[in-house]
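For ligands, and for the atoms within them, numbers begin at 1 and follow the listed sequence. Model, not experiment: these values are computed from the prediction.
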Amino acid sequence: MSSSSPSTYNNSDGSATENDSSTHHSDAKIHSISALTTVLDPSTVLPIRMTSVVVKGYGRGSKDLGIPTANLDRDAGQFSTASFEDLPTGIYWGFCRIGTDDHIYKTACSIGYNPYYGNNRKTVEPHLIADPNDTRRHKSSCGESLLGDFYDQSIRLSLVGYLRPELPFEGLDKLIEAIKQDIVNAEQFGDGDAASIQLEKIWVASDDSAIISKTRPG
Ligand code: RBF
Ligand code: MG
């Protein structure tokens, strides 16, 4: 990816997508989006490693969307970027682990201000994806969710790839549709066998810090 321009972005498969202003609610919305547009190019900070504790979010993930997320406590968190502020907003795929459970879940994760809702504080919200044979998999509207709340449990995740910017969709159905597609993409990309992917799974499985120096292939 070259840079995160506000008008176009590159998809994980290399194609470009127009972030057409006609899809936005209003000029006021557009204005707030450009103000929130990430400064750092996500590709310069990937993979993003984080450890934290799960806290209560706005409480809309399960209720409004049927797509629960495990919100990270920013203050209890350690991040591989220089700071929480430096986490580039956007939607990512990667891997996640909760508490003492050694299972590694694929995740589709949102970082930012949820422009559909216009939040005024930045959140990091991974949606944990249950394995296809997991009996909990079909309990949510999107079929992939892992329900249950993880409040107060430790969480560690590595975001391996950038999917798209966060967007102010026209309606809840459009937002849900986009997130479902993110989940499909996260599942597919998570199956990759690149060394960089294996390295991040190993880090997620470990108890290593998010902020020690990283070994990056190449
Ligand atoms: N919120 C938005 O306002 N715009 C988005 O484009 C958006 N994409 C998301 C993608 C994923 C994979 C996830 C897990 C969440 C996304 N959200 C987005 C955040 C969503 O609005 C939030 O999880 C719920 O409002 C619950 O806090
Ligand atoms: Mg949540």
N, O or S of Asn71 under 2.8 Å from the Mg ion (ligand 2):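 Coordinating: yes.
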Metal site the Mg ion (ligand 2): N/O/S of Thr69 inside 2.8 Å: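 Yes, since at least one N, O or S atom of Thr69 sits under 2.8 Å from the Mg ion (ligand 2).
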Sub-4.5 Å side-chain heavy-atom contact between Pro126 and Leu72: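 Result yes, sub-4.5 Å side-chain heavy-atom pair found.
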[X]-[Y] side chain donor-acceptor pair, cut-off 3.5 Å:
X: Asn71; Y: Thr69; answer: yes
X: Asp64; Y: Tyr117; answer: yes
X: Asn114; Y: Glu125; answer: yes
X: Asn119; Y: Arg60; answer: yes
X: Glu85; Y: Ser83; answer: no

Among all protein heavy atoms, pick the one closest to [atom] and tell me residue, atom and distance.
atom: atom 4 (N) of ligand 1; value: Leu167 O, 2.8 Å
atom: atom 3 (O) of ligand 1; value: Tyr116 N, 2.8 Å
atom: atom 25 (O) of ligand 1; value: Tyr117 CE1, 3.1 Å
atom: atom 27 (O) of ligand 1; value: Glu125 OE1, 2.9 Å
atom: atom 15 (C) of ligand 1; value: Ser110 CB, 3.4 Å
atom: atom 10 (C) of ligand 1; value: Asp182 OD2, 3.4 Å
atom: atom 8 (N) of ligand 1; value: Arg164 NH2, 3.0 Å

Close approach, Gly57 and ligand 1, non-hydrogen under 4.0 angstrom: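 No, Gly57 has no heavy atoms under 4.0 Å from ligand 1.
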Contact check, Phe169 vs ligand 1, heavy-atom distance below 4.0 Å: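 Contact check Phe169 vs ligand 1: positive.
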Any donor-acceptor N/O pair, Ser52 side chain to Asp73 backbone, under 3.5 Å: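 Flag set: sc Ser52 to bb Asp73 pair under 3.5 Å.
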Any donor-acceptor pair under 3.5 Å from Arg49 side chain to Arg156 backbone: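 Answer holds: no.
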Residue Asp193 excluded, over 12 heavy atoms near CG under 6.0 Å: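 It does not: Asp193 CG has 12 such atoms or fewer within range.
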Check ligand 1 against [X] and write out every atom of the ligand that is under 4.0 Å from a heavy-atom position of the residue.
X: Leu175; result: 1 (N), 2 (C), 4 (N), 5 (C), 7 (C), 18 (C), 21 (O)
X: Ala108; result: 12 (C), 14 (C)
X: Thr69; result: 14 (C), 23 (O)
X: Glu166; result: 6 (O)

Does ligand 1 have a heavy atom under 4.0 Å from the side chain of [X], from its backbone, from both, or from neither?
X: Asn71; result: neither
X: Ile91; result: side chain
X: Leu65; result: side chain

Aromatic ring proximity, centroids under 6.0 angstrom, Tyr116 and Phe169: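 Centroid distance Phe169-Tyr116: not below 6.0 Å, so no.
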Stepwise salt bridge (Lys or Arg N to Asp or Glu O under 4.0 Å) test for Arg164 and Asp182: CA-CA 9 Å; Arg164 62 175 176 86; Asp182 296 329; 2.7 Å; yes
